[in-house]
Amino acid sequence: MLTKKQHQLLMFIHERMQADGVAPSFDEMKQALDLKSKSGIHRLITALEERGFLRRLPHRARALEIMKLPDNAEGSSPAAANVISGNFADKAPANDVDDGVTIPLYGKIAAGMPIEALQDPSEHIGVPPGLLGRGDHYALTIEGDSMIDAGILDGDTVIIQRGDTADNGTIVVALVDNEEATLKRLRRKGESIALEPANPAHETRIFGPDRVRVQGKLVGLLRQY
């Protein structure tokens, strides 16, 4: 049996992971639950861990895994945006592998400075069906450290839902000047578009609206240990 605050925090984390593909920051959790300090969030997360609802992944910024949801919780499976560890499925051209689904792996995308956009898939990877929503999806391997505070690390594989629109604040694949792609948080500021890193060592880059095109939004992440 969860307390009201424990239930609120678990569902807030679940909803944010489904929407953004990564867990919210402790500051965002504190604000959502109207708490005065982060220590209260630490206590709630520890309690959820002890009850088997959450698992913290060691040495990973903001890396939380939802193990289960309360019986009365509405919505999809908690696996919809969890960090999944273990070996990737073998490459395959088909759409189904065992109980998983294969999607194209386009190659590396910089989570620091942009790199040339990759258009043609050279291989496929298998992913749990729960990571995928409606529409087409593809995968990219992260190169760089500019999104580490969002729990996205060098070498991670991100799952992207293909699309050309995204809400403000969403982590997206952005194509800059039709030749460079990067994974960043999208912010619209008046007539400009800002691509924000999640690492204070990297600078936010600001472009005119005609220079940036959204190619998809982050919906999941795979990590191999």
Side-chain angles (χ1 to χ4, degrees), residues 1-89 99-101 111 125-133 137 139 142 145-161 167 169-171 183 185 197-199 217-225:
M1 185 71 176
L2 298 180
T3 67
K4 182 179 179 180
K5 287 293 186 183
Q6 290 167 2
H7 186 277
Q8 286 177 340
L9 180 61
L10 181 63
M11 296 312 298
F12 175 66
I13 294 171
H14 171 57
E15 290 165 4
R16 284 294 301 273
M17 290 178 73
Q18 282 196 313
D20 299 339
V22 294
S25 69
F26 274 50
D27 281 329
E28 291 170 328
M29 296 180 202
K30 178 170 68 74
Q31 293 174 6
L33 271 67
D34 196 25
L35 297 178
K36 294 182 178 180
S37 69
K38 295 181 185 178
S39 61
I41 296 297
H42 282 283
R43 287 193 295 270
L44 290 171
I45 288 179
T46 298
L48 289 169
E49 281 189 294
E50 292 173 349
R51 288 163 175 77
F53 288 92
L54 272 185
R55 183 167 72 96
R56 272 184 280 208
L57 302 178
H59 312 301
R60 297 291 186 269
R62 292 172 59 175
L64 296 173
E65 183 175 5
I66 295 179
M67 308 304 293
K68 61 180 179 180
L69 292 175
D71 292 337
N72 61 346
E74 297 181 356
S76 58
S77 166
N82 284 351
V83 174
I84 306 297
S85 61
N87 294 326
F88 298 146
D99 294 330
V101 178
I125 63 168
V127 300
L131 279 175
L132 307 179
H137 296 75
I142 293 297
D145 64 355
S146 77
M147 297 301 288
I148 57 173
D149 286 350
I152 303 170
L153 310 180
D154 183 63
D156 285 346
T157 299
V158 291
I159 309 302
I160 305 298
Q161 184 180 49
D167 293 335
T170 302
I171 296 176
L183 186 81
R185 194 176 297 277
N199 182 339
K217 63 180 181 180
L218 176 71
V219 296
L221 183 149
L222 299 168
R223 179 169 296 147
Q224 186 173 15
Y225 294 94

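- A distance of 11.5 Å separates CZ in F26 from OG in S37, rounded to the nearest 0.5 Å.
- Atoms CD and CE, on Q6 and M11 in that order, are 14.0 Å from each other to the nearest 0.5 Å.
- Rounded to the nearest 0.5 angstrom, H7 NE2 and L44 CG are separated by 13.0 Å.
- For the pairing with L9, the side-chain contact (heavy atoms from CB on, under 4.5 Å) check across L54, L48, L35 returns one residue only, L48.
- In plain terms, the two heavy atoms of D156 and G151 that are nearest each other are OD2-O, 3.9 Å.
- Among all heavy-atom pairs drawn from A150 and A198, the shortest one is N-CB, 3.7 Å.
- R51 and L2 make their closest contact through CD-CD2, 3.7 Å (heavy atoms, listed as atom of the first residue, atom of the second, distance).
- Atom CD1 of residue I41 and atom CD of residue Q31 lie 10.0 Å apart, to the nearest 0.5 angstrom.
- Residues L183 and I160 meet the side-chain proximity criterion, which asks for heavy atoms closer than 4.5 Å.
- Atom CD1 of I159 and atom CG of L218 lie 9.0 Å apart (nearest 0.5 Å).
- When side chains are defined from C-beta on, I45 counts as touching M29, because their heavy atoms get closer than 4.5 Å.
- Separation of atoms NE2 (H14) and CG (L69) is listed at 5.0 Å; rounding is to 0.5 Å.
- Looking only at distances, no side-chain donor or acceptor of N199 sits under 3.5 Å from a matching main-chain atom of I148.
- Minimum interatomic distance between D167 and T170 (heavy atoms only, all atoms of both residues): O-OG1, 2.9 Å.
- The closest donor-acceptor contact from the side chain of K68 to the backbone of G52 lies at 3.5 Å or more, if one exists at all.
- By the 4.5 Å heavy-atom criterion applied to side chains, I142 and M147 are not counted as neighbours.
- I171 has its side chain within reach of I152: a pair of non-hydrogen atoms, C-beta onward, lies under 4.5 Å apart.
- Judged by distance alone, the side chain of R16 and the main-chain N or O of A23 form no donor-acceptor pair under 3.5 Å.
- Side chains of D154 and D145 form no contact here, defined as non-hydrogen atoms less than 4.5 Å apart.
- Considering all non-hydrogen atoms of both residues, P70 and L10 come closest at CD-CD2, 3.5 Å.
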